[in-house]
Amino acid sequence: MKKPPAHIISPQGQAKLIKELADLRVQRVPAVADLNQQRLMGDLKENSGYQAARARLTDIDSRIVRIELTLRNCIVTEKIDNDLVQVGS
């Protein structure tokens with residue numbers, strides 16, 4: 001399997017992603033409960049509440065996977081005070 005390219009991020013960017021990941025994991029619990037509640041409402045093909053709940057859960061799950069992949073393959077870099085051009089300058 002091909003390894004994804006590394007992302008170069010700042011410590012602040014890494015902290016922001018970690019916070020967003022934690023928030024998404026908290027949001028996922030009620031999203032799953034809502035999906036299960038909507039599933040009990042009947043026919044899934046004609047249940048717009050179920051379709052919306054499923055789409056919301058899919059969005060949350062895909063964002064969680066993208067953030068986890070980014071954090072797993074990132075390079076955290078600090079800005080160094082010098083006269084050279086660098087990432088984050």
Side-chain angles (χ1 to χ4, degrees):
M1 189 166 149
K2 192 174 184 181
K3 185 177 179 182
H7 298 275
I8 300 174
I9 60 175
S10 67
Q12 296 84 6
Q14 182 185 32
K16 182 179 174 184
L17 286 175
I18 290 170
K19 181 182 181 326
E20 183 180 357
L21 182 61
D23 291 343
L24 286 169
R25 287 184 174 150
V26 169
Q27 291 175 16
R28 190 177 189 284
V29 174
V32 169
D34 184 37
L35 181 68
N36 289 332
Q37 181 66 32
Q38 293 297 326
R39 185 177 289 144
L40 298 174
M41 297 292 193
D43 186 12
L44 300 183
K45 286 186 177 182
E46 295 182 14
N47 186 342
S48 62
Y50 172 78
Q51 300 296 330
R54 191 178 79 185
R56 179 172 175 244
L57 183 60
T58 300
D59 290 345
I60 291 171
D61 287 343
S62 64
R63 184 65 183 148
I64 286 172
V65 169
R66 277 185 273 148
I67 291 173
E68 287 175 342
L69 189 61
T70 299
L71 289 172
R72 192 176 311 129
N73 297 306
C74 73
I75 298 171
V76 180
T77 181
E78 289 281 341
K79 183 176 177 184
I80 301 170
D81 290 331
N82 59 21
D83 293 334
L84 300 175
V85 175
Q86 56 189 329
V87 174
S89 60

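Numbering starts at 1 and runs along the sequence shown. Worth knowing before you read on, the calculation uses all heavy atoms, side chains too, and leaves out hydrogens, waters and symmetry mates.
Residues Lys19 and Lys16 have side chains not in contact (no heavy-atom distance under 4.5 Å, counting atoms from C-beta outward). Using a 4.5 Å heavy-atom threshold, the side chains of Asn36 and Val32 count as touching.
With rounding to the nearest 0.5 angstrom, the NE2 atom of His7 is 4.0 Å from the OG1 atom of Thr70. The CD atom of Gln51 sits 10.5 Å away from atom CD of Glu46, with the distance rounded to the nearest 0.5 Å. The CD1 atom of Ile60 sits 11.0 Å away from the CG atom of Asp23 when rounded to the nearest 0.5 Å. A distance of 4.0 Å separates CZ of Arg25 from CG of Leu21, quoted to the nearest 0.5 Å. Expressed to the nearest 0.5 Å, how far OG of Ser62 lies from CG of Leu24 amounts to 9.0 Å.
By the side chain to side chain donor-acceptor pair (under 3.5 Å) test, Ser10 is found to be paired with Gln12, residues two or more places apart in sequence or in another chain being considered. Not counting sequence neighbours, Gln37 has no partner by the side chain to side chain donor-acceptor pair (under 3.5 Å) test. Applying the side chain to side chain donor-acceptor pair (under 3.5 Å) rule to Glu20 yields the partners Arg63; only residues at least two apart in sequence or on another chain are considered.
In plain terms, the two heavy atoms of Pro11 and Thr77 that are nearest each other are CD-O, 3.3 Å. Between Leu35 and Ala53, the shortest heavy-atom distance links the atoms CA-CB, 3.9 Å.
When the side chains of ILVMFWY residues are joined at heavy-atom separations under 4.5 Å, either directly or via intervening members, Ile67 and Ile18 end up in a single hydrophobic cluster.
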